[in-house]
Amino acid sequence: MTDRAADRVAKGSAANLPRRRFFGRVITVIAAVVAAAWAVPLGIYAVAPALKRRIREWADAGAVTDLDVDRPRELDVVVSRRDGWQEVRAVKSFWAYRAKNGEAVAFSAICPHLGCAFQWRGDEGHFACPCHLSVFSLSGEVVSGPSPRPLDRLDVRVENGRLLVLPQDFKSGVRRKIPI
Ligand code: FES
């Protein structure tokens, strides 16, 4: 190749450089868009089961007329919930009674202090936790002991004479009622 020809080739390459850079950037942007288009559905697919785990369902706890007035009783319901891709069934306990005004009242059976099971002491008219001796009134207020908050009241509703309860666990040992 003559010097002039070599010079021309060198000039041509230099002229092509911005065009190559431009196409390089276009390809990078297209690759990023394609990656994002895949990442979003894949991310939703991966995260959706974990979100579903939080879905709560009303559980039938029996005839509301079976509840005694101002005398709590411990009841169990079986709940099923999705845990990832698995369907998990679990027994949830709670305390329930009918107040004098006819309202159904339910509390989680887990002590808000550190998670022990408490009992209703009918003779004394209060709930008592054996672990660290927290005492709660019929309405769930702390009477004495280390519990940082009242008993955790559960959502209930009555439908066709049936007591429906929304079982739920809450964080132990903190003042606020935080669902978990
Ligand atoms: Fe109930 Fe501590 S766990 S008082």
Side-chain angles (χ1 to χ4, degrees), residues 41-180:
L42 282 175
I44 290 170
Y45 179 72
V47 169
L51 296 177
K52 278 184 188 162
R53 195 178 350 184
R54 290 182 164 270
I55 293 174
R56 300 181 296 150
E57 287 176 8
W58 292 93
D60 187 331
V64 72
T65 49
D66 287 349
L67 295 180
D68 296 319
V69 174
D70 283 357
R71 287 217 343 250
R73 69 165 62 175
E74 192 169 16
L75 299 171
D76 293 330
V77 287
V78 177
V79 293
S80 62
R81 52 183 65 172
R82 292 207 72 76
D83 191 352
W85 286 268
Q86 279 186 325
E87 176 118 354
V88 177
R89 288 169 76 76
V91 175
K92 290 282 178 189
S93 299
F94 63 98
W95 287 88
Y97 67 94
R98 259 188 306 155
K100 286 199 177 79
N101 63 5
E103 182 189 18
V105 177
F107 297 115
S108 162
I110 297 172
C111 178
H113 179 225
L114 291 176
C116 287
F118 58 85
Q119 298 296 317
W120 170 248
R121 299 249 184 270
D123 296 347
E124 291 143 38
H126 61 230
F127 295 99
C129 181
C131 289
H132 311 97
L133 308 180
S134 284
V135 172
F136 306 90
S137 68
L138 176 65
S139 60
E141 295 305 314
V142 179
V143 175
S144 61
S147 180
R149 65 172 188 266
L151 294 180
D152 295 315
R153 196 155 169 177
L154 300 178
D155 291 336
V156 294
R157 69 174 202 251
V158 178
E159 239 177 60
N160 300 323
R162 312 289 296 176
L163 174 69
L164 303 182
V165 63
L166 206 46
Q168 175 80 67
D169 294 330
F170 301 90
K171 194 168 181 183
S172 298
V174 293
R175 287 182 67 81
R176 276 184 46 227
K177 184 182 169 190
I178 303 171
I180 52 175

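For reference, positions follow the sequence shown, starting with 1. Basis for what follows: all heavy atoms, side chains included, without hydrogens, waters or symmetry-related copies.
- Expressed to the nearest 0.5 Å, how far CG of D155 lies from CD of Q168 amounts to 8.5 Å.
- One finds the CG atom of L138 at 8.0 Å from the NZ atom of K100 (value rounded to the nearest 0.5 Å).
- Considering CG of L154 and CZ of F170, their distance stands at 6.0 Å, rounded to 0.5 Å.
- The side-chain heavy atoms of L164 and D60, taken from C-beta on, include a pair separated by under 4.5 Å.
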From CA spacing to verdict: side-chain contact (heavy atoms from CB on, under 4.5 Å), Q119, W95: CA-CA 9 Å; Q119 298 296 317; W95 287 88; 3.9 Å; yes
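- Looking only at distances, no side-chain donor or acceptor of R121 sits under 3.5 Å from a matching main-chain atom of V135.
- In terms of heavy atoms, G140 sits closest to F136 at O-CD2, 3.7 Å.
- Within the model, atoms CZ of R162 and OG1 of T65 stand 8.5 Å from one another, a figure rounded to the nearest 0.5 Å.
- A ring-centre distance under 6.0 Å is found for F107 and F127.
- Listed here is the closest heavy atom pair of R153 and A104: NH2-O, 4.0 Å.
- Atom CG of L151 sits about 7.5 Å away from atom OG of S137, to the nearest 0.5 Å.
- Looking only at side-chain heavy atoms (C-beta outward), D152 and R149 come within less than 4.5 Å of each other.
- With a 4.5 Å cut-off on side-chain heavy atoms, E57 and V79 do not count as touching.
- The distance from atom CG of D70 to atom OH of Y97, rounded to the nearest 0.5 Å, is 6.5 Å.
- Looking only at side-chain heavy atoms (C-beta outward), C131 and L114 stay at 4.5 Å or farther from each other.
- Residue F118 is tested with C129, S134, S108, S147 for a side chain to side chain contact (heavy atoms under 4.5 Å, CB included); the sole match is C129.
- Within 6.0 Å of CZ on R71 lie no more than 12 heavy atoms contributed by other residues, nucleotides or ligands.
- Residues L67 and L75 have side chains in contact (heavy-atom distance under 4.5 Å, counting atoms from C-beta outward).
- Considering all non-hydrogen atoms of both residues, V77 and P167 come closest at CG2-CG, 3.9 Å.
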Derivation and outcome, side-chain contact (heavy atoms from CB on, under 4.5 Å), residues L166 and W58: CA-CA 5 Å; L166 206 46; W58 292 93; 4.0 Å; yes
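- With a 4.5 Å cut-off on side-chain heavy atoms, S172 and H113 do not count as touching.
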